[in-house]
Structure formats: structure tokens, C-alpha cells
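Below: one structure, written as C-alpha cells.
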Amino acid sequence: MTHEVVPQTMGQQFGRRSWAEPWKIKMVEPIRMTSRPERERAIREAGYNTFLLRSDDVYIDLLTDSGTSAMSDRQWAGLMLGDEAYAGSRNFYRLEETIQRYYGYKHLVPTHQGRGAEHLISQALIKPGDVIPGNMYFTTTRQHQELAGGTFVDVIIAEAHDPADPHPFKGNVDLDKLEAVIKRVGADKIPYISLAGTVNMAGGQPVSMANVRALRALCDRYGIAVYLDATRMAENAFFIQEREEGYADLPIAAIVREFCSYTDGAWMSAKKDSLVNIGGWLAVNDDEVFDTARNLVVVYEGLHTYGGLAGRDMEAMAIGTEESMQDDHMRSRIGQVRYLGELLTDWDIPIVQPVGGHAIFLDAKRIYAHIPQNQFPAQMLAAQLYLDSGIRSMERGVVSAGRDPATGDHRYPSLELVRLTIPRRVYTQAHMDVTAESVKAVYDAREQTRGLTMVYEPKYLRFFQARFEPIA
Ligand code: PLI
């Protein structure tokens, strides 16, 4: 894969060194381009919500990187090694050993996916009236914290809320902001800090090692635990290796281990970094927290040696975890995201900068500056992209932010974004070119585009199922 965008002659190309993915393709899955009238019907029937489209009506699916990655031949072979015993499956022990080795935590509880683990940690640690500070909310994480009676408080650095700010670690916790929250509510009201490695809603932005180390020191002073959302922690480690002094020569795996060592445990959606279509886990060091979580998992997920998964899923997850820590894998994974980002940046299309780990985030506030936030500009931008080319993306703005449970009003995030999320090992450079060209076409037609009105709103995580109609 090359970073060159402008066509060049062979002479100009002399001396150039491109890089390519560390794999070749063994099996392909056909995809189909639809006609414009087909897409007009499909998006209308989907209530202008890309979550409600049928995937058969989608050409390039950039809705999410969750559960959409391509498994390797090793992982597929691993499926045949599934030990489907109800209790004590050998694949569980392999997974447990793998997570201990790569993430360093003492105890493992498997879950069917990330939110299953979020449920367990929230129920185990949060009491009604508690406050959970974190580096920007994530939809399902905050929902589980609220359902357990807690209130999430954002303590990410201010730069994270500005899509144009070039800060290299926009996922960092603002330690002064956090200390002010601790002093205001009291350490006994804070069961843990909710720290995410690469911050999804901020644009896939990393946390530095210096920041997590300082966070640990601060929390030790107040006796507060730190739990990590490790969903894209391997991607976070890539940025530390690239940008933080002293880490350039350390492998991703060593950086992940050190980062996790400053935390008390982690929840994981293995559907992202770990290259599987389903799976997750909770891992903790504290024996009592483990005991509670292992007891709760049998109520909500399944026995503590399968947690809602088949034995074969745990095998694929263990192999995927190992693959996710390989430096050449990560370089090509993030390199592909950057390739798309560089095309759009060269064409002056407003995106979140710097480009993060798993996606390009289009800045709908700047693209549709004429559409007020209560007319859902990012929701409309995602619909327009689908209409133009059949590319599916996702709103990450006011719809995703939901309503404030205390006031019932929309929460208006400063970031009103559309996420073009890149599945791992699935699409080619040509797919990225087609995507960039479609974004450009939609951008060029921006002034003719109007907003949306919401006509159906579910109570929880509304972005998944809400319906909209265009404003005439
Ligand atoms: O989708 P789950 O339940 O496996 O994982 C929930 C979850 C937790 N943390 C973070 C940072 C996530 O990104 C996440 C899920 N993300 C999805 C589905 C996404 O499209 O980004």
C-alpha cells in the first residue's frame, strides 16, 4: 500500500518504497453495488438510520469495526479445535492463559461481547449515587454505569472536544479536572476511573503512557481503582510506540503489558482488536471483584468457563489476541485508516485530526454548518453517503449522545461526527479510494442538503433504532 495519491510516472516513482499488508487473500466474499433508486428506497425504509439497512443493500460496509474483521486461516482452523463441554472447556484455559500473558491481569471472566463485561463490572462495583469519571463517554459503557445507579463525568482533556486540535494524545485524562471531581464528590463516591485505550467517540484517539502512569499515582493517593476499556488497547499501543519518547523500540505487546500494569482490570470487546466476530471478557486483579463477577456471569451470560460463548469462539479469540499484538499487523491496520485520512485531508474535507486508530471521523458540524445540531447533521451526512455510493457509515453526534437522564433534554456533544470505520483485513486500497471519492461527491453537494426530524425514539441507546424523516 502506498501513501502516494497523485499519479506519477515511473521515473518519479524511482526510489519509492511502498509497504503492503502482511497477508494475502485466500477466500473472497462478493459484494454488490445497488442502483440509486434502490438506495433511495432502502434508506427511506430504514428511517434514514444506517443501522436499520439490510447489509445486502450495502456496498462497502464501514458501519463498524466491531465483529466485522476477517479471521486468519489459523483462527478458522482453531474453530475446529472447539471443546464444547459445558464446564471446563480446554479453550477457556487457553484463552485465560493468553489474556494473562498479553494483558497481565490475574483473573478472567469470558463474556459474549464487550457490553456483557461492562454489565458485570458496573453491577459489581457501582452503587446508586456513585460517580464514574472517564476519558469521554462510550454509549454502552455509560448506559451500564447509569443502569447501575452511577453518573458518568467526562474528564478527558479539552483538546479532545476540538476536531482540529493536533494534540498527539487526545485521549488523555485531564488530571486537574479529575482531582477537582474527586474533591467535589469525595473519593468514597468514586468506585473506579473508567479509562479507555484509544477513545472511540473522540476519533480513536490514544492515551499516553505518561498519562496513565500519572493517573495511577493520583488514584493511589485517593485509594481509587482504575479500570480500562481495553477494546482497542493494542491500537493505543501503536501510537505510544510511534509518538512517545522511549517506546520506539518496544514491541506493541510489551507496551500493552506496561499500560495495563497501571490499571486494576479491564473489560474487552474482542470484536475489535482481537479479530473475532463475537466475544469479550472481563479481567481483574482483585480476588473479591473477581468472585463477584464470576458469580454474576452465571446469571447473565453463562457458566464462568464460557460466558455465553462456544468453545470454538474462545479458541479463535485466543489466536486473534496473539495476532492483534503483532507489530506488522498493526502497522498495516492503522496504515490503511491513515491512507483514507490522507486522501480526504488532501481534498480539504474536514475530518478529526490527527487520524486515530480505527476510523476516519467526518466533521459534520463543519461540513453542514447550515444544519443546526437538533436537525441531526451527522445522521443526514451518513444517509447522504449511503445514497451516493452504498457506503455505510455511522452517526457519532447528538443522536448517539442520547438524552440527559436528569433533564430529559438532548445532550449536545461538541463533536458531531460521521464515522467511517475500517474493519480489519477486509477491504483493499481500491475500496478506500472509492470511499474517499464518494465523501468528496457528498461534500461538494453539501449546500443543497437539509436536516432531519426524529420520528421514533427508543428509550435506551437510541442511535441503534431511531427513525428519521427529511425536513422538506
Ligand atoms: O459491542 P460490544 O458489546 O462488543 O462492545 C461494547 C464496546 C465497549 N467499548 C468500546 C470502546 C466500544 O467501541 C464498544 C463497542 N463498539 C462498537 C459496537 C462500535 O461500533 O464502535
Side-chain angles (χ1 to χ4, degrees), residues 49-51 53 55 61-69 109-122 132 134-147 152 154 156 160 170-171 194-207 227-236 263 265-283 297 300-301 307-309 313 316-317 320-321 324 337 352 356-361 378 382 392-397 399-401 415 417-424 426 460-465:
N49 185 344
T50 52
F51 277 100
L53 289 166
S55 77
D61 202 345
L62 307 182
L63 183 72
T64 177
D65 62 331
S66 180
T68 53
S69 296
V109 180
T111 60
H112 78 284
Q113 59 182 84
R115 71 200 71 180
E118 290 172 338
H119 181 208
L120 299 182
I121 194 70
S122 303
I132 304 95
N135 55 345
M136 199 173 272
Y137 86 101
F138 183 70
T139 54
T140 57
T141 316
R142 182 175 63 189
Q143 184 71 72
H144 280 293
Q145 291 162 350
E146 288 176 353
L147 287 170
F152 177 84
D154 185 16
I156 202 166
K170 278 168 104 172
S194 182
L195 179 72
T198 82
V199 179
N200 193 350
M201 302 302 279
Q205 302 296 328
V207 179
Y227 280 88
L228 174 69
D229 184 335
T231 297
R232 298 184 183 84
M233 187 58 227
E235 291 178 358
N236 197 107
T263 68
W267 63 89
M268 176 74 176
S269 171
K271 300 171 72 172
K272 284 79 164 177
D273 266 358
S274 311
L275 299 158
V276 284
N277 305 122
I278 194 72
W281 46 260
L282 175 68
V297 79
Y300 294 108
E301 303 274 315
L309 295 164
D313 297 328
M317 191 158 44
T321 300
S324 73
V337 176
V352 172
H358 64 305
I360 296 301
F361 290 73
R392 171 153 70 172
S393 57
M394 180 195 291
E395 191 263 9
R396 294 275 80 155
V399 183
S400 294
L415 300 176
L417 309 172
V418 166
R419 191 180 72 176
L420 301 164
T421 339
I422 313 301
R424 298 163 187 78
V426 170
Y460 300 115
L461 301 173
R462 63 183 184 179
F463 59 96
F464 283 128
Q465 293 154 333

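Start at 1 and go down the list; that is how both ligands and their atoms are numbered. Both backbone and side-chain heavy atoms feed into the values below; hydrogens, waters and symmetry mates do not.
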- Where ligand 1 meets Met394 - atom numbers and elements under 4.0 angstrom, heavy-atom basis: 20 (O)
- Query: Quick one: does His358 get a heavy atom under 4.0 Å from ligand 1?
  - Reply: no
- For atom 6 (C) of ligand 1, which protein heavy atom lies nearest, and how many Å away is it? Thr140 OG1, 3.5 Å
- Counting from 1, what ligand 1 atoms have a heavy atom of Thr64 closer than 4.0 Å? 19 (C), 20 (O)
- Task: Output yes when Arg392 and Asp61 qualify as a salt bridge under the 4.0 Å nitrogen-oxygen rule, no when they do not.
- Result: yes
- At a 4.0 Å threshold, what atoms of ligand 1 neighbour a non-hydrogen atom of Arg232? 11 (C), 12 (C), 13 (O), 19 (C), 21 (O)
- Identify the residue among Gln113, His358, Lys272 that makes a side chain to side chain donor-acceptor pair (under 3.5 Å) with Ser66. Lys272
- Closest to atom 1 (O) of ligand 1 (heavy atoms only, candidates His119, Met268, Arg115, His144) is Arg115
- Glu235 side, atom CD; Arg424 side, atom CZ - distance, nearest 0.5 Å: 4.5 Å
- Message: Return the closest protein heavy atom for atom 8 (C) of ligand 1 as residue, atom name and distance.
- Response: Glu118 OE2, 3.1 Å
- Task: May I have the step-by-step check of side-chain hydrogen bond (donor to acceptor under 3.5 Å, both in side chains) for Asp313 and His112, ending in yes or no?
- Result: CA-CA 9 Å; Asp313 297 328; His112 78 284; over 6 Å; no
- Note on the structure: heavy-atom search around atom 2 (P) of ligand 1 in the protein gives Gln113 NE2, 3.2 Å
- Task: Would you check whether Gly114 has a nitrogen or oxygen atom less than 3.5 angstrom from a nitrogen or oxygen atom of ligand 1?
- Result: yes
- Between Arg419 and Asn200, does a side-chain hydrogen bond (donor to acceptor under 3.5 Å, both in side chains) hold up when you go through it step by step? CA-CA 10 Å; Arg419 191 180 72 176; Asn200 193 350; 3.0 Å; yes
- Task: Can you spot which of Gln143, Arg115, Gln145 makes a side-chain contact (heavy atoms from CB on, under 4.5 Å) with Ser122?
- Result: Gln145
- Starting from atom 21 (O) of ligand 1, which protein heavy atom do you reach first, and at what distance in Å? Arg419 NH1, 2.8 Å
- Short list, please: which atoms of ligand 1 are under 4.0 Å from a heavy atom of Lys271? 4 (O)
- Task: Considering heavy atoms of the protein only, find what lies nearest to atom 5 (O) of ligand 1 and give residue, atom and distance to 0.1 Å.
- Result: Ser269 CB, 3.3 Å
- Message: With heavy-atom distances below 4.5 Å as the criterion, would you say the side chains of Thr263 and Tyr227 are in contact?
- Response: no
- Nearest-contact summary for atom 7 (C) of ligand 1 - protein heavy atom, Å: Phe138 CE2, 3.5 Å
- Give the residue and atom name of whichever protein heavy atom lies nearest to atom 16 (N) of ligand 1, and the separation in Å to one decimal. Lys272 NZ, 3.0 Å
- Query: Is there a donor-acceptor contact under 3.5 Å from the side chain of Glu146 to the main chain of Phe152?
  - Reply: no
- Query: What is the distance from atom CZ of Arg396 to atom CG of Leu415, rounded to the nearest 0.5 Å?
  - Reply: 12.0 Å
- Report the nearest protein non-hydrogen atom to atom 9 (N) of ligand 1: residue, atom name, distance rounded to 0.1 Å. Asp229 OD2, 2.7 Å
- Only residue of Asn236, Val352, Thr198 satisfying side-chain contact (heavy atoms from CB on, under 4.5 Å) with Gln205 is Val352
